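Order of the sequence lines sets the chain letters (A, B, ...), proteins ahead of strands, with each chain counted from 1. Model, not experiment: these values are computed from the prediction.
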Amino acid sequence: GCGSGDEAAGTAAAGESSTINIGFLAPAPRNDGGFTQYALAGVQAAVDADPKLKLTSIVDNASESQEQIEGLQSLAAKNKVVVADGAVLNKAVAVVAPKYPDTHFVLIASDLEALADNVSSVTVAVGLNAMVAGAVASNESKSKKIGMIAGPEVPSSTAWYYGMAQGAKIENPQTQVAQAYTNDYNDVGKAKQAAEAMIANGVDQILSDLDSGSEGIYQAADGKAGTGVYNVFALHCDENKNIIGSGIVNWSDVLKTAVTEAAAGKLASGAISFGLKSGALSFQFCPGKGTDEQKALAEKITKDISDGTVTPGDGVLLPKPSYAFEQR
Amino acid sequence: MGVFDIAFLVAALTIAAPILLAATGELISQRAGVMNVGLEGVLLAGAFAGYLTMTRVDSQPLGFLGGIAGGLLLAALMAVLAIEVKVDQIVAGIAIGVLGLGLTTFFDQHFVPEPQTFTPLPRLAVPLLSDLPVVGEVLFHQDLFIYATIVVVVLVGLAMYRTTWGINLAATGESPVAADAAGVSIRGVRWAAVLVSGACAGAAGAYISIGDVGVFREDMTGGRGYLAIAAVLFGAWRLRGLLLAVAIFAVTDAIQLRLQSIASVPGEVWAAAALLVLGALVAARHRQPRRAPKPAELIGAVLLAGLVALAVVRPQLSLPASLWLAMPYVLALVALAAGGAARHRAPSGLTLPYIRSEA
Amino acid sequence: MKALAVRVLTQLGVAAATLLFAALLLLAIGVSPGEAASAFWSGTFGSPTNAGTTLTQAVPLFLVALGWIIADKAGRMHVGFPGQVVIGGCAAAAVGLQCDGVPTVVAIVACALAGIAGGALWAGIVAWLWASRGVLEIISSLLLNLVAVQMLAWLVRGPLQGSLDQQPQSANFPASALWPAVESVPGRTLSYDVILLPILAAGLIWLFSRTVFGFELRASGGNLDAARWSGINPVRAGVSAIVISGGFAGLAGAALLFAGSAPWLSEGFEAGIGFNGIAVALLARNSPVGAILTAIVFSSLNVGGTSLQALLDVPSSLTSVLQGAVIVLVLVAAMLLRRRRAARPAVPVTPASTGKELVSSAKEA
Amino acid sequence: MTTDPGSGSALRLSGITKRFGAFTANDRIDLDIAWGEVHALLGENGAGKTTLMRIVTGLYQPDEGTMSLDGTPVSFRRPEQALRAGIGMVHQHFTLVPTLTELENLAMAPAGVPWRNGRAAARRRAAEVEAATGLRIAPDRLVSDASVGERQRLEIVKLLCRGARLLIFDEPSAALSPGEWDELAKLMRRLAAEGHAVVLISHKLSEVFAVADRWTVLRGGAVAGTGDIAGSTPEQLVTLMVGESLAPRRERAPAAPGEPALVVRELNVERHPDGPQALEDVDLDVRAGEIVGIAGVAGSGQAELVETVLGIRPALSGSVELAGRRLERRTPAGFYAAGGALIPEDRHHVAVIGGMTLGENINLRALRQAPLARRGRIDLRAARQRAVRLAAEYEVRATGESQPMARLSGGNQQKAVLARELSTEPLLVIAVQPVRGLDVRATEFVYRRLTEHRDRGGAVLLISMDLDEVIALSDRIAVLAHGRIRGVLDAGEATRARIGALMTSSEVTA
Ligand SMILES: Nc1ncnc2c1ncn2[C@@H]1O[C@H](COP(=O)(O)OP(=O)(O)OP(=O)(O)O)[C@@H](O)[C@H]1O
Ligand SMILES: Nc1ncnc2c1ncn2[C@@H]1O[C@H](COP(=O)(O)OP(=O)(O)OP(=O)(O)O)[C@@H](O)[C@H]1O
Ligand SMILES: [Mg+2]
Ligand SMILES: [Mg+2]
C-alpha cells in the first residue's frame, strides 16, 4: 500500500474520539533507573488516573538532534500531548512545536526562552536540594571532603555541584567539594572506578547524580567503611547500606501534574518551575540514618531557602530566563 | 602520596583487566586474519548473557559461562560471515556491533524488565604473597577474574610463541597460501581464533556486568571494545605491545579519574609527563645518534621545557574533563609517531578472505 | 539475460529473508508486520515531507561513502570518518555561527569550505603520520576518532556553547547560513544538497577514469611499489587521497548541521554516519553510483526506524536489530551474487593455440 | 595391487580435464611418472602445466579423469592429503611465511595436538634431511632475510621433512643463479637415484636435457607428446611445444657504439647500516648503440645498482649521468624524463599492477603526459588506440586491452612490460632478467626486441644471472662481484671461464 498510512497518521492528532493520546520522547533509555524512568512513571500515573488518557508510544534513546526532531514530529502527528523528557530537547521542541499548533508539548527540565505558544517548560530547582544535601554531607564527613559524580557534564549536574558546594560551606567553610564526570550514565564500571578514585583522594561522602551507574558508587562505598552515599530523585535505601539519604526530586509527581493539566488544556504555556514549596523537592534521610543535628540542619536550610534568608549562589539555579516564571 | 599510590595501581589493574582479555582474544583473531571491528557488540553480548544467566541461576561461575556463550554466539556469526560467506570484514564487524547493542537492549527490556543486582566477584588474597609490600596489594589481592586474565594471557603467550598452533596461527594471518600448502586448515584455524576471541570478549563482558559491579545496563561497555581493538593495532600485533598499549590506556584512564576529583593538577603529574617526553626524545636520539634535530624533536624539546616549568611552578590549573578523557588516545598517537613504524606491519592476510583458487 | 535473472532473484530472496526476519521479530513483540510496513513506508517515502527527509539524510552518508571510495582506490584503508565528520562539523559550525547578516551565498560557501577544511585537516594528521612516520592509517584514524569525540564534547561546553542556556549545544545557526531547501516540498525537508548525489558520483567516476590524478591514485592503490617504480609519487597520491577523503567527511559534517532540520551543534550529531558511510560504500562495492542507492537505503532504515518507534511503539533496540540484520543479509546476498559471477570467467581467456593470433581487439581498431 | 616402488609407475593420470568456466586449461591429459626418474613437463606459457600440477597436489579438483598412486586410485581434496600421500610441490611463488623463521616454516603443520611444540621435532627432521641430502638450512633466520635460492632450498627441505616421495618443481631455475641451479640439478639426480620421483617444469631446454630422463609436452592444455630424453633433440621438443619450428636466430650485426648514454662514477651504496656496502666505487659506461651486460651471482649488488640509478635508493656518494645530464635529486620520474626505461626483475611486485587493465599497464607511463594527457585530463580514446597498437606489435595475447593484467599469463605480462618500456623510445633500457619465466618463443621475441633497440641506436644495460644469456646478447660485459666491478670484457673475449675467473678473483683487473 502506498502512503495510505500517512494520511491516517496525519489526522490522528485532530482525532474526534474522546481519548486523549499522549506521546513520550526521551534521549535516554526508558529504564534508566532514574530521570527518565521516574518521568515515565509520572506520565503513566496520570494515564492510569484518567481513563480518557492513553500513552500511545514511547521513543527512547533519541540521542541525536535529527532523530529527536523526527521522533517529535512523528509523535506530534498523532498525539494531543507530547512529553519531551530532557533539557537537551529544548531546541528540537523549538523546531517542531510551531509546525504542530494543535499539540501541546511538555518540555521537562529545560528553561529556554522564547518557546512557542503550545509549549510548557517544566522544571525543578535541583540546586536548592543540592544545598541541603551538601550541608548534610559536610556534617557527616569526617575528612571534610565530599564529592559528586555525574555522567556527562550537563547543567543539572553542575547545578548539583554548585548547590552542594554552597550548602557545605554553610555547614563548614573548610569542607572541600570534588566533582567527576564519567561521561556515560550507563557505564557502571566507570562509575565504580571514579568513586574509588574519589575515595582514594579522601572523599568520604559521595553524591551520585548518575541514574543507572549508581550501583558502581554503592560498591565503591562498600569497599571503604564510613563512606556515605546520597542519591537524587528518590530514596534507594534498600539498595545499599551506605545510603544516607536523597535529595528527592519528585519527577513523577511533577510529570503527573503537568500531563494531567496539559491533557485538560489547563497547563499554561511558558516556563513553570517547581521549587521547595511545591513539595516537588525535598531532602529525606534513609530510615535509621541522619543524626538529630543533621535533620535539624536540613530543616533549617530548607526553611532559609524558602523564606529567602539564604540566596542561591552562582550556578546553583539554572540560568534564569529573562521572562516571567510561574513559580510553584 | 597524592595521585600515584597503591590504590591507583589497583584501579589501573581493574580498568585494564577486561580490556586486556578482550584485546588478547582480538589479537588471536587478527593474527589469524580476521578483524572484528564489532568487538564492542561482542562485549555487550557477553555482559548481557552473563547477567541474564545470573537472573535465572544465581551463580557466578554459570554467569561467566553464560557470558562466554553469549560472546561465542556473536563471534560465530562473525566467523560465518568472514570465513564461510567471505564478506567484507569491516562491514560485517559494523553489523555485529549494531546487532550486539540492539539485541542486548531488546532482550534486556523483554526478559529482565526489572533491573536486578548481584554481588560482584569478591577479592581474594593469595596467602603469603598478598603480604608483600606494594606488589602484594596490587597483584595478589584481586578478584578471580583478574587472576584468570593473567593466566589466560600467559597461556596465550605460550600458545602463540611456543606451540605449533601459534606458528599455524601466524602463518594463517600472514600468508594463508603458505599455510594452506603446508596442510594447515585455514578455515579451522580462523574459526578457532574467532571463537577464542568471542569467548574472551564474552568473559570480559561478563566481568564488566556481573563480575565488577553485578548489574547490567544497556551499552554499559562504554567503548572498551574500541579500546581493545586500538590496543591490538597499537601493540603491532604482538602480545608485548598489546600489554603496553593496555597499560597506557588503563593508567591514563585511572589518572584522569583521579585528577578530575582534585581541584588542580598536582605537580607530580607534570613531572611524570616531562619524564615521558624526555624518554621519547632520548629513545629517538639513541636510534640515530648523528643527525640534525627534526622539527618533531624541537617540538618535543619545547614541550619538555614547558612541562618542567609546570612541574616547578605548580600553577592552580584544572583542565576540562574532555581533555583527560582524550588523553589515552593522544598518548597512544604520540607514542606511535615517536616509535617509528618499521616494526609496524599488519599481518598481510588481515581482513582478506581466503579463496583457494586465487592462490 | 540469465545473469540478470539470477541477480534479480537473489535480490528478491534477500528482500524476502529480511522481511521475514523483521516480521518474526515484530510478531514476537506483538506488532502486526503489516502495520509496521505501512508505518515504515509512511515514515520514509509515504509523503513528500518524509521522502525529503530520507533523501536529505542520505547525503552525508553518501559523502562519507565517497570519501571511503577515494581512499580505498588509493589503497589507503582509513576508518577516521567519524572523527572527520565531527571536526568538519565543528569547523563549519564555528564559521556558521559568525555568519549572521552575511549574504546567504557567501555564508553557505564559507561553511562548506570550513567543513571540508576541518575534515581534511583532521585526516591530514592521519596522512602525515602515515607518510612521514609510517604509522598505519587504520590505527591512527581509529584513535583520532576517539579524540575528536572529546574535542566536540569540550567545544559544545566551551567556545561554541550557546550563551543563553547551558546545555552542551551551540546557539542556532543564523538563517542565512542554512542550506536552501526545495520550497515545494511541505516542511521544506528536501535540501538542495541532494543534487550533490549525482554530481559528485559522476565527478568521481570522471576523476578516476579521465584524469591523470585519478589514474595515479588508482595505480598507487593497485600496486604501490609498481607505481613508485614507474615514476608516480605514491606517497603524494596516498596523502592526497586521505586528505580528500577527509574533506568529503568534513563536508558530510557540514551537511548534517546545515542541511538538516537541527541547525545547531550538539554532542552526538555525527550519529554513526562515519561508520555507516563505510558500510554504504562497501555494500555498493565501491561504486559511486551504487553508493547513491545504498545511501538512500541506509537513510530510510534510520528514518523509518524512528517512525516505527513513534507510530507503533516498537522499541529503538529492535530498530537497530533490524538494521544489523539488513546489513548482514545484504552482505550475504552480495557475496552469493559475486560467487555466481566468479564461477563464469568475465573474460574468456584466449588459449594460445596457433601462436599466430594477435590481440583480438586489434581487429576492432 | 601395489607396484614395487623404485621401479614401476609412481603416479598415473588418465583423462584429467580441468576447466575454468568456458576455458579448458587441461584437456584429457594422460601422464605416467615412474619412481626414480626426473620427468620434465614442458610447454608454452599458459599451456596448463601449473594447473595440472595443482591438480596433482590437491589444490584444484579435476573436472574429469582419475589419478592413481602406486596403482591405487587416489583423489585429493586438500593439499594436505596429497602431502600425506607423499606428493609435494615447490611452487613458482614460494609458499613460505616471510615473517617466520625457517624452522617455524618447517614446523608449520596441521595441528593434531594443539599445545604440542613442533620446533624440536622439525629441527631434528631438518638434521636428518641434511644428513641424507646435504641440504642445509639456517633454522633461526627469518625467511624474509633469506635469498631466493635459500628459500627454495627451504621449500625442498620442507617437503622432504614431510616425507614427500614425488617432488614437483615449477620453474625452479627462474629465480636461481647458475651456481644454485647446478646444486639443484645435482640434488634432483640424487633424489631420483634414491628412488624418489621428480617432476620438473622448465622453459630452459638446456636444463631439461641436463637432468631429465623423460619428457612430456603440453600444448593448449593437451598432451602433445611424450618420450625419453635419450633420443630426442631440443628442436624436436620446441616444435612440439610451439606447433611449428622456430626460425633460427639471426646473426647479429656488430655494435656501433656512439655517445655515452649512462655514466656511473664512484658510486657507493649502503646495504645495511653495519654490513658491507652493496656497491663500492662502481664505475660504469653504457654507450648508445651497444648492449652492456652485467654478470654476477645474485646479491652482488645488481639490485642496488638498478634501484640507485632509478632513484629509489639513496647513494652514499658518486654520480649518475644519463644522456649527458647529471641526475641530481634522483627520482624515478627524473630517470624516465632523462630518457631511461626499465624492465624490472620482480615483475609481480614492481612492474605490473594486477588490478588494472592491460591497456592501463601498457600506458602506465605514457598516460601521464602529452599527447595522451593534457592539463591533467586523459584522452581515453587515444590511450586505448595506443594500447591496442602496442599490444599487437608486441604480440601480447589477451582478450582485449581492457582485460585485467592479473589474468594474463606471465609471459604475456612480461611482453606488456616490454611494450611499455620500449615504446617510449628511450635512450637507455635497463633490462633485468628480462626473460624470467618466459617460454622459448617469448624469449626469442624479447632478445630480438632488445637487439633491435640497440640497432636503432639505443643503449641497453642487461642484468642477468644467466651467463649464456649475457654472453649471447652483450657487446661488452661487466663482471660484478661483492659490490665491485671486477672487470669489463668485450663480447669477443668473453667466455664462461673468463667471466667465472673474474667473479672469483679478488683484485680488480682492467
Ligand atoms: N584460476 C584460474 N581461473 C581461470 N583461468 C585460469 C586459472 N588458472 C589458470 N588459468 C588459465 O589456464 C591456463 C593455463 O595456466 P597455467 O598456469 O597452468 O599455465 P602454465 O603452463 O603453468 O604457464 P606458465 O609457463 O606461464 O607458467 C592459463 O592460460 C590461464 O589463463
Ligand atoms: N582469475 C583468473 N582468471 C583467469 N586466469 C587466471 C586467473 N588467475 C590466475 N590466472 C592465470 O593463472 C596462471 C598462473 O598464475 P601465475 O601467477 O603462476 O602466473 P605465471 O604465468 O606462472 O607467471 P610467472 O611466470 O610470472 O610466475 C596465469 O597464467 C594466469 O593467467
Ligand atoms: Mg606456470
Ligand atoms: Mg610462468
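A:Asn61 and B:Glu218 form a side-chain donor-acceptor contact under 3.5 Å, judged by distance and modelled atom types alone.
Going from atom CG of B:Leu257 over to atom CD of A:Glu196 covers 10.0 Å, rounded to the nearest 0.5 Å. To the nearest 0.5 Å, atoms CD (B:Gln109) and CG (A:Asp60) are separated by 6.0 Å. Here the CD-CZ distance, from A:Glu215 to B:Phe216, works out to 14.5 Å after rounding to the nearest 0.5 Å.
For A:Lys144, the NZ atom is densely surrounded, since the number of other residues' heavy atoms within 6.0 Å is greater than 12. Atom OH of A:Tyr162 has 12 or fewer heavy atoms from other residues, nucleotides or ligands within 6.0 Å.
Between B:Arg258 and A:Ala200 the shortest heavy-atom distance is NH2-CB, 3.3 Å.
Heavy atoms closer than 4.5 Å to chain A are found in the side chain of B:Gln256, but not in its backbone. For a residue to count as touching a neighbouring chain, one of its non-hydrogen atoms must lie under 4.5 Å from one of that chain's; by this rule A:Gln193 touches chain B with backbone and side chain alike.
Between A:Lys190 and the options B:Ile15, B:Ile208, B:Asp253, a side-chain contact (heavy atoms from CB on, under 4.5 Å) holds for only B:Asp253.
Counting heavy-atom pairs closer than 4.5 Å to chain A, the top residue among B:Thr14, B:Thr117, B:Asp219 is B:Thr117. Between chain B and the residues A:Pro29, A:Gly147, A:Gly216, the most heavy-atom pairs under 4.5 angstrom are made by A:Pro29. Among the candidates B:Ala11, B:Pro113, B:Pro115, B:Pro120, the residue making the largest number of heavy-atom pairs closer than 4.5 Å to chain A is B:Pro120.
Judged by distance alone, with hydrogens and angles left aside, the side-chain atoms of A:Lys192 form no donor-acceptor pair with the main-chain N or O of B:Val213 at under 3.5 Å. No donor-acceptor pair closer than 3.5 Å links the side chain of A:Asn186 to the backbone N or O of B:Gly222.
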